[in-house]
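Per chain, numbering begins at 1; letters A, B, ... match sequence-line order. Everything numeric here is computed off the predicted structure, so don't read it as measured data.
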Number of protein chains: 2
Amino acid sequence: MIGDRHIAALDQILELVVLVNDDMTRSLARAGLTVSRTHLLWELRRHGPTTQRDLAAALKVSARTVTGLVDGLETTGFVSRQPHPTDRRATLVTFTERGRQTVEAMEHGQQEFAHLLFAEMPAERFDGFTAGLGEILDRLRGIGLAQSQPGDDR
Amino acid sequence: MIGDRHIAALDQILELVVLVNDDMTRSLARAGLTVSRTHLLWELRRHGPTTQRDLAAALKVSARTVTGLVDGLETTGFVSRQPHPTDRRATLVTFTERGRQTVEAMEHGQQEFAHLLFAEMPAERFDGFTAGLGEILDRLRGIGLAQSQPGDDR
DNA sequence: CAAAATAGTGAGCATGACTCACGGTGTGGT
DNA sequence: ACCACACCGTGAGTCATGCTCACTATTTTG
């Protein structure tokens with residue numbers, strides 16, 4: 001029956017999630033980073049100097065969590081805290097030179113990773129994959145994600 | 001150029017990872033579970049009553065970590081510790097009735113989730129997707145996963 | 001039978017997430 | 001102009017997950 005093939009495909013997706021997660025975590029550890037702290041650096045990359053409050057909203061975590069992430073990134077020299085020019089309550093988080101260079105190196109590494117995954121794939125298969133993936137993403141986003149219960153993770 | 005399409009596809013994959021992770025975590029929280037504890041339950045489901053040492057090997061974590069996971073699952077009533085019949089050093093971790101029912105419910109939920117993702121997808125697109133996904137998984141597994149540097153996670 | 005290996009756990013550490021409470025600052029209503 | 005309220009960041013404390021080191025109890029091995 002068809003159902004079995006669907007379950008097998010879901011198992012493949014779950015394996016992909018695990019492999020990609022593990023790979024990212026290892027790569028980031030080599031660079032002296034964690035996944036959460038990297039999220040924060042990417043937000044800085046997108047939006048430039050940002051208050052901790054805005055970072056909390058963008059990363060969907062509490063303000064207290066951002067304090068901890070910035071503490072860590074400041075200790076290891078990737079970002080620095082600057083007073084906000086007009087609001088003395090707020091602090092602006094900005095890249096240090098080292099932080100900026102690290103993020104640029106990560107962007108380059110990401111391109112290499114994409115090349116590694118797709119470079120030798122026939123165009124037809126690549127297109128078929130992205131078409132299916134796009135549809136799956138639409139459903140995941142659309143269903144609100146809150147009702148379904150995959151119940152497991154591999 | 002083609003490279004841009006590859007990067008876009010990688011971004012899709014990273015979004016998928018995030019969405020699936022978040023959805024799983026939420027679903028499990030509703031059931032009173034966490035990802036790691038669920039891994040342990042699935043191992044019990046596959047292999048029946050198991051020593052903590054074997055669970056540690058299966059889950060690729062330290063023995064000490066298994067102690068903590070079993071502590072939590074025992075407190076919330078999903079598993080119980082039984083003395084090993086022949087080795088008085090070891091303990092066998094077994095399902096409680098509640099634990100067994102919970103895992104069966106999760107399996108059912110996973111089937112619903114697969115149905116939700118794939119049910120209305122044309123067979124041709126489904127096949128194209130799984131073909132591409134299979135090739136990507138082969139590369140991820142094969143490359144050892146340790147050399148590449150995606151550097152980012154969304 | 002003594003020495004070495006194994007099974008589980010206590011203690012202690014780090015990360016990342018949360019809440020609650022609190023001090024300092026900005027803003028709006030009267 | 002002022003006071004009450006809202007907002008920003010952080011200290012303190014909690015929980016889950018991982019780790020190592022040290023220890024006891026037991027089994028296996030030489």
Tell me, with the steps shown, if A:Leu16 and B:Leu16 meet side chain to side chain contact (heavy atoms under 4.5 Å, CB included).
CA-CA 9 Å; A:Leu16 178 74; B:Leu16 177 74; 4.0 Å; yes
For B:Thr25, the side-chain contact (heavy atoms from CB on, under 4.5 Å) test, sequence neighbours excluded, returns B:Val35
With A:Ser80 via side-chain hydrogen bond (donor to acceptor under 3.5 Å, both in side chains) - residues at least two apart
A:Gln82, A:Thr94
Please list all pairs passing the ring-ring contact (aromatic ring centres under 6.0 Å, His included) test where one or both residues lie in residues 53-94 of chain B, with sequence neighbours left out.
none
At 4.0 Å (heavy atoms only), tell me whether A:Ala63 reaches a base, stays on the sugar-phosphate, or touches nothing.
base
Chain A reaches DNA chain C, atoms under 4.0 Å from its heavy atoms, from C:dT15 to C:dG26
OG1 of B:Thr102 to CG of B:Leu28, rounded to nearest 0.5 Å, is 11.0 Å
Does a nitrogen or oxygen in the side chain of A:Thr91 sit under 4.0 Å from OP1 or OP2 of D:dC8?
no
What's the separation between atom CG in B:Leu40 and atom CG in B:Leu33, rounded to the nearest 0.5 Å?
10.5 Å
Contact letters for nucleotides 21-30 of chain D, in which S counts primed atoms plus P, OP1 and OP2 and B counts the base, heavy atoms under 4.0 Å:
----BBS---
Would you say A:Val66 and A:Leu92 are hydrophobically clustered, going by side-chain heavy atoms of ILVMFWY under 4.5 Å?
no
Just how far is it from atom CG of B:Leu55 to atom OG1 of B:Thr67, taken to the nearest 0.5 Å?
10.0 Å
Sorted by chain and residue number, the salt bridge (Lys or Arg N to Asp or Glu O under 4.0 Å) partners of A:Arg45 (sequence neighbours excluded) come out as A:Glu104, A:Glu107
Among residues at least two apart in sequence or on other chains, which ones pass side-chain contact (heavy atoms from CB on, under 4.5 Å) with B:Gln101?
B:Glu97
May I have the list of side-chain donor-acceptor pairs in residues 115-129 of chain A shorter than 3.5 Å, sequence neighbours left out?
unit_1	atom_1	unit_2	atom_2	d
A:Arg125	NH1	B:Glu135	OE1	2.5
A:Asp127	OD1	B:Arg5	NH2	2.4

Among residues 51-61 of chain A, which contact DNA chain C at a heavy-atom distance under 4.0 Å?
A:Val61
Under the salt bridge (charged side-chain N to carboxylate O under 4.0 Å, His left out) definition, can you give me all pairs with a residue in residues 51-71 of chain A, not counting sequence neighbours?
A:Asp71-A:Arg81
Test salt bridge (Lys or Arg N to Asp or Glu O under 4.0 Å) applied to A:Arg98 - qualifying residues, sequence neighbours left out:
none
Heavy atom of residues 67-75 of chain A under 4.0 Å from DNA chain D: which residues?
A:Thr67
